[in-house]
2 protein chains.
Amino acid sequence: MARPRSKSRGELIGGAMRVFWKNGFASTSIEDLVSATGVGRGAIYTDFGGKEDLYRHSLAAYRAKFVDPALALLNDGEDGLDAIRAYFDYFIALHKRHGMPGPGCFFANAMTELAPHDASVKDLVNQHAQDLRVGFRIALKRAAKAHSAILSAAELEELAGFLSTASQGLWSYGRSIDDIAQLECFKKALLKLLHLRMQS
Amino acid sequence: MARPRSKSRGELIGGAMRVFWKNGFASTSIEDLVSATGVGRGAIYTDFGGKEDLYRHSLAAYRAKFVDPALALLNDGEDGLDAIRAYFDYFIALHKRHGMPGPGCFFANAMTELAPHDASVKDLVNQHAQDLRVGFRIALKRAAKAHSAILSAAELEELAGFLSTASQGLWSYGRSIDDIAQLECFKKALLKLLHLRMQS
DNA sequence: CCAGTTATGGAACAAGCATTCCAAAAAGCA
DNA sequence: TGCTTTTTGGAATGCTTGTTCCATAACTGG
């Protein structure tokens, strides 16, 4: 053994993730990755299969670092509507920290840029969409219980899919607007509608 | 006068629009545009300022050809909820014709790819979002009247913004899924919620 | 302190890119 | 038919890209 890495594999992925997330795949050059991570050009090819492979690892890292905590919020607390509110607050806070226009959701970005042309990215993106759908379904179920509302399994699934898709639109939207209040407005409108559904 | 164009300026923009819409800006090369439109390499630089300028013209052409008819649907009919349903049916039919995964919405794609880095694209995208918001607001107002529901101006605006953002999520989603039924499912869930709001 | 091993990062490479240029072709006009 | 005007599309340009290579540097085990 000799010459340990100056930057660990995790640091490389983490740095790459931030650049890919913000700028997308095609607009990010190897040079951008090198200067953003401080890692050597060679490491991208000795540790990974190249640019595409690093991108896929970045998506996985994003899920672990940002999505999983958000999904955990959906499972927390007694009233599912509060959990859903917490989920949106989590990502809105992320955008507030970053400054607007924000980075959006890495998966939503991949959905528009790469999923139509890269099968493995498409699978990762659809897996994320399903994870989100499951999270919302569980939260909605708790919400129905807390508000004594009657929701069939089919209605639950339908509503969960709706929430998953609509929230992707919110994060896309966050990439082009300057005012974070519009994100809050979306959250408010959505929760009003859900509250109404739970009371009917 | 001599040598009329083999392809008109409109044909050039129309062909370019389809390629940019499907593949995005960075992944579309001049060669792709040339082979897709059948137009000469030079025409892109004599008739337009280059690739970026042609992209902006493509966005405008997309609005004229696909968005304006959809916005007209939002203004049509007595019950605004039917108009909103017609709007979604219009774009779902577009995806059905194209085959899944679909092309999504050109503006939604531009929102994630270019808006954060190109100010003029950002303006075009935000203008589109506002057009959509206005369209939904007008439809919602008619819906409230038809269902004798009471909605304040603020609530109307809030709901219109929500619809505009959520629908962008739907078209993004259309780029990564194989089953068109999920688009229908979203529409169904959304209209159920709106119907509920109009009855309260 | 030396030998062995492995990461390093600048140079090199071929391919692809957007853009420019221009000789030739094609059409209108007289 | 000839002259002018304008488009045309291939060649050329200079730059950037993703990827490979390798002499060097740096660390470890003995």
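Residue numbering restarts at 1 for every chain, and letters A, B, ... go by the order of the sequence lines. In what follows, every heavy atom counts, from backbone to side chain, and hydrogens, waters and symmetry copies are set aside.
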Working note: B:Thr165 + B:Gln168, criterion side chain to side chain donor-acceptor pair (under 3.5 Å); need CA distance, chi angles, decisive distance, verdict. CA-CA 5 Å; B:Thr165 304; B:Gln168 296 295 314; over 6 Å; no
Residues pairing under side-chain hydrogen bond (donor to acceptor under 3.5 Å, both in side chains) where one sits in residues 37-46 of chain A, two or more places apart or in two chains, turn out to be A:Glu31-A:Arg41
Residue pairs passing the side-chain hydrogen bond (donor to acceptor under 3.5 Å, both in side chains) test with at least one member in residues 106-117 of chain B, sequence neighbours excluded, are A:Asn23-B:His117, A:Thr112-B:Thr112
With sequence neighbours left out, the residues meeting side chain to side chain donor-acceptor pair (under 3.5 Å) with B:Arg137 are B:Glu157
Sorted by chain and residue number, the side chain to side chain donor-acceptor pair (under 3.5 Å) partners of B:Lys187 (sequence neighbours excluded) come out as B:Asp89, B:Glu184
Contacts of B:His98 meeting ring-ring contact (aromatic ring centres under 6.0 Å, His included) (sequence neighbours excluded), chain-then-number -> none
Protein-nucleotide distance ([X], atom [atom1]; [N], atom [atom2]), rounded to Å:
X	N	atom1	atom2	answer
A:Asp53	D:dT19	CG	P	10 Å
B:Tyr45	D:dT7	OH	P	17 Å
B:Tyr55	C:dA18	OH	P	14 Å
A:Ile44	C:dT8	CD1	P	11 Å
A:Asp47	D:dT19	CG	C1'	15 Å
A:Phe48	D:dG18	CZ	P	16 Å
B:Leu12	D:dT7	CG	C1'	13 Å

Overall bend of the helix from C:dA18-D:dT13 to C:dA30-D:dT1 (five pairs an end, 10° steps) is 10°
The salt bridge (Lys or Arg N to Asp or Glu O under 4.0 Å) partners of B:Asp79 (sequence neighbours excluded) come to none
With sequence neighbours left out, the residues meeting salt bridge (Lys or Arg N to Asp or Glu O under 4.0 Å) with B:Asp118 are B:Arg56
A:Ser29 and A:Asp32: side-chain donor and acceptor closer than 3.5 Å?
yes
Residues of residues 21-37 of chain A with a heavy atom under 4.0 Å from any atom of DNA chain D, listed by number, are A:Thr28, A:Ser29, A:Ile30
task: Could you tell me whether the phosphate oxygens of D:dG10, OP1 or OP2, come under 4.0 Å of any side-chain nitrogen or oxygen in B:Arg41?
output: yes
